[in-house]
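The block underneath contains the structure these notes are about, expressed in structure tokens.
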Amino acid sequence: MPKISNKQIVEIFYEISQILEAREVAFKPRAYARAGQAIESLGQEVADIYREGGEAALDAIPGVGKGLIEKLVELISTSKLKYLMDLKKKFPVDIVELTAIEGVGPKMVRDLYKYLKIKNLKDLERAARARKIAGLPGFQEKTEQNILAGIEFLKKGMGRVCLGFYLDLAEHIRDELRKTPGTTRVELAGSIRRGKETIKDFDLVACSSNPRALLEKFYSLPEVARVLERGKNRAFVRLKDKIDADLIVVPEHCFGSAILHFTGSKFHNVRLRKMAQERGWTLNEYGLAKGKKILASKTEREIYKKLGLDWIEPELREDAGEIEAAMARKLPKLMPMGSVRGDLQIQSDWSDGANSIEQMARAAKGMGFKYIAITDHTKTLAMANGLDERRLAKQGKEIDRLNRKIKNFKILKSAEINILKDGKLDIENSALRKLDIVSVAVHSHFNQDEKAMTGRIIKAMRNPYVNILFHPTGRIINRRPEYKVNIDEIIKAAKKYNVALELDCFPDRMDLKDTNVRKAIEAGVKIVIDTDAHQVGHLKYIPLGEATARRGWAQKLDVLNTLPAQKLMAYFSKKKHRRG
DNA sequence: GCCGTTTTCGGCCCGACTGTTTTCAGTCG
């Protein structure tokens, strides 16, 4: 039976939420959105929850009650939902696609359908280009132009972009703003501060004795393409790099409440405001207040404290259990940023990397790392000039030579061994034995079904020499979906066979992703964080992986390459000795 | 449609800006 995934359920709930919003139904839209969000952050498939615990188990999902249990059961058993089909009969519009346009919401979609029978992005673009929108009740020239600009942006940017490709720009803009006279602080907030793998825009929170000068500086930055909003304390611009930036300037005394507000996530904020409300208070960007009296606003810490919570690290703020943990004083002690001591996936010019082993080693050493592992591709990846047993042995000698030459640094012998279609490895065990670390990965036959793919990877993990599974789900953000693999089974096998799972932190991989890191850690599986660097410029991505690991609630002990080189080698060689 | 130290009814997060307005709805973060 085709099983409905959480992702599909969430999409359906969000769609219902928006249709109901368009129909001006009260409160239900939020109920569906809330349940959708809760399901999104579940660590388990809803279909499995139902199979194991029945309706009572569904009831335990926050935001799911009598009515939604019924709908979930229908979705799980038929993969369809009559309620949504009925809604769509009356309102046959691709509302999710249309509301993805900036400035277009459910009400506007409703009116566009009412007047012009616009059902999708294509209809809307055609109508806007034909100038049919201006003149409709409630629509004028400006709205029509904004819709066209929004469509243009959507087509170019297609939503969220990878944090790693934009972080330098965001930090540059922050640093430029900091130079404005009168400015005492400028910080990045939003999903950048939360270390999310993708972002929609830059959120900046600033304090200045001269807000006007700071906003003017913001408008005049050479990176700005056009100004979208000019408020007294707030501005919104579109950058030439096709991403938006939002700046708010607040007085020093409410910097804490402002950065809390603009860091989000939205769902985390909703919970905090609700807690404030239960005490008869309000919480907004200007502070936690009782009537007109401010109770806390200067720092995030005092606001959390007043609400009875420990301060919560930004990476945890997703309403995924962190508030309950903060209430119970049981927040994890997250791995500090900067904990990773060495990069364990690096390609050199022996296969498809751009730089020599020595160049990579010296660059890593210059950045303060203590070791790297050289993980060139192996022979069946011919297009990447993969190494066979003979070249691997030769590379080992070269690494020995460099280790004698480069002081206070260790180059580890490793490889990115290719997992073949049937789960065998493409390098003989006799050669694997000579490596310091054996890492394996899938690079072909991405279209196998779940059973074949999962079985194939587990078979590779069973090889007694294997230490690390690289990029366990194979996804490339905005380009390639995960291959069909049962990650829960992979995690179980990782525990059983003592194989670490990689968090490949190249910006568009981020594989394992945050929620899977959390699952792995909860199962007692070790993680390694590395960049998959193919040139020295890629080594800088380690902090992105550290942030993602923190989003997965990782502590220092969960991440193997926070260990010094000696201890790391000892950890991996223990397995080697057991296998003889 | 959910939820409960306001507990089975009556609430449901908050403020700013834009565009269309002339007092406000829609959208966003």
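- When distances run from any side-chain atom of K200(A) to the nucleotides dT18(B), dC12(B), dG29(B), the shortest one goes to dG29(B).
- The number of heavy atoms from other shown groups lying within 6.0 Å of NZ (K88(A)) is above 12.
- Comparing dC2(B), dT27(B), dT18(B) by their nearest atom to the side chain of K107(A) picks out dT27(B).
- Rounded to a whole Å, the CD1 atom of I101(A) is 15 Å from the C1' atom of dC28(B).
- Taking atom C1' in both dT21(B) and dC14(B), the straight-line distance is 23 Å, to the nearest Å.
- Atom name C1', nucleotides dT23(B) and dT18(B): the rounded distance is 15 Å, in whole Å.
- Ring pair Y541(A)/F506(A) is perpendicular by interplanar angle, where above 60° counts as perpendicular and below 30° as parallel.
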Look for any protein N or O under 3.5 Å of an N or O in nucleotides 14-16 of chain B and output each such pair with its distance, or none.
unit_1	atom_1	unit_2	atom_2	d
dG15(B)	OP1	N284(A)	ND2	3.0

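- As rounded to whole Å, 23 Å separates atom P of dA25(B) from atom NZ of K142(A).
- The distance from atom CZ of R34(A) to atom P of dC2(B) is 10 Å, rounded to the nearest whole Å.
- Comparing the P positions of dC12(B) and dT6(B) gives an interatomic distance of 13 Å, to the nearest angstrom.
- Among the nucleotides dC12(B), dG29(B), dT27(B), the one closest to the side chain of D203(A) is dG29(B).
- Comparing dC3(B) with dT8(B), their C1' atoms are spaced 10 Å from each other, to the whole Å.
- Residue K66(A) places its side chain closer to dC2(B) than to any other of dC2(B), dG26(B), dC17(B).
- Checking dG26(B), dT20(B), dT18(B) against the side-chain heavy atoms of E229(A) singles out dT18(B) as nearest.
- Nearest-nucleotide positions on DNA chain B for V270(A) and K71(A) put K71(A) closer to the 5' end.
- For N146(A), whose side chain is taken as the heavy atoms from C-beta onward, the closest listed nucleotide among dG19(B), dT27(B), dG29(B) is dG19(B).
- Along DNA chain B, the nucleotide closest to A31(A) and the one closest to G105(A) are compared, and the more 5′ of them pairs with A31(A).
- Between the CZ atom of R194(A) and the P atom of dG29(B) there is a distance of 12 Å, rounded to whole Å.
- Under a cut-off of 6.0 angstrom, the local environment of CZ in R212(A) is sparse, with at most 12 non-hydrogen atoms contributed by other residues, nucleotides or ligands.
- Of all nucleotides listed (dG19(B), dG29(B), dG1(B)), dG1(B) comes nearest to the side chain of Y32(A).
- With a 6.0 Å radius and a threshold of 12 heavy atoms from other residues, nucleotides or ligands, E70(A) has its CD atom at or below the threshold.
- We find that R131(A) and E141(A) are joined by a salt bridge, their nearest charged nitrogen and carboxylate oxygen being less than 4.0 Å apart.
- Look at the P atom in both dT27(B) and dT20(B): the space between them is 13 Å, to the nearest Å.
- In K217(A), the NZ atom is crowded: over 12 heavy atoms of neighbouring residues, nucleotides or ligands sit closer than 6.0 Å.
- OP1 or OP2 of dT20(B) sits under 4.0 Å from a side-chain N or O of T143(A).
- For the pair F236(A) CZ and dG19(B) P, the computed distance is 13 Å after rounding to whole Å.
- For the atom pair K274(A) NZ and N269(A) CG, the distance stands at 14.0 Å (nearest 0.5 Å).
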Considering only nitrogen or oxygen atoms on both sides, find all protein atoms under 3.5 Å from nucleotides 21-23 of chain B and state each distance.
unit_1	atom_1	unit_2	atom_2	d
dT21(B)	OP2	Q140(A)	NE2	2.7

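- Judged purely by atom type and a 3.5 angstrom limit, S265(A) uses its side chain to pair as donor or acceptor with the backbone of H268(A).
- For F27(A) and dC2(B), the ring-to-base geometry does not satisfy the stacking test (centroid distance below 5.5 Å, interplanar angle below 30°).
- Atom pair L247(A):CG and dC28(B):C1' shows a separation of 16 Å (rounding to whole Å applied).
- Partner of I312(A) under the side chain to side chain contact (heavy atoms under 4.5 Å, CB included) criterion, chosen from E300(A), R301(A), E322(A): E322(A).
- Out of dC17(B), dG29(B), dT27(B), the shortest distance to the side chain of M108(A) is found at dT27(B).
- Partner assigned to dC17(B) is dG26(B), using Watson-Crick or G-U wobble distances below 3.5 angstrom.
- In this structure, of dG29(B), dG1(B), dC12(B), it is dG29(B) that holds the atom nearest to the side chain of D201(A).
- If you take CZ of R230(A) and P of dG19(B), they are 12 Å apart, rounded to a whole angstrom.
- In this structure, K89(A) is not positioned above the aromatic face of F91(A) in the sense of NZ or CZ being under 6.0 Å from the six-membered ring centre and within 45° of the axis.
- Candidate nucleotides dG26(B), dG1(B), dG19(B) were compared by shortest atom distance to the side chain of K28(A), and dG1(B) ranks first.
- In this structure, CZ of R30(A) is placed 14 Å from C1' of dG10(B), rounded to the nearest angstrom.
- Between I248(A) and H261(A) the shortest side-chain heavy-atom distance does not fall below 4.5 Å.
- Annotation for K240(A) and V224(A): closest pair CE-O, 3.6 Å, computed over non-hydrogen atoms.
- Across all strands shown, P106(A) has heavy atoms under 4.0 Å from sugar-phosphate atoms exclusively, and none from any base.
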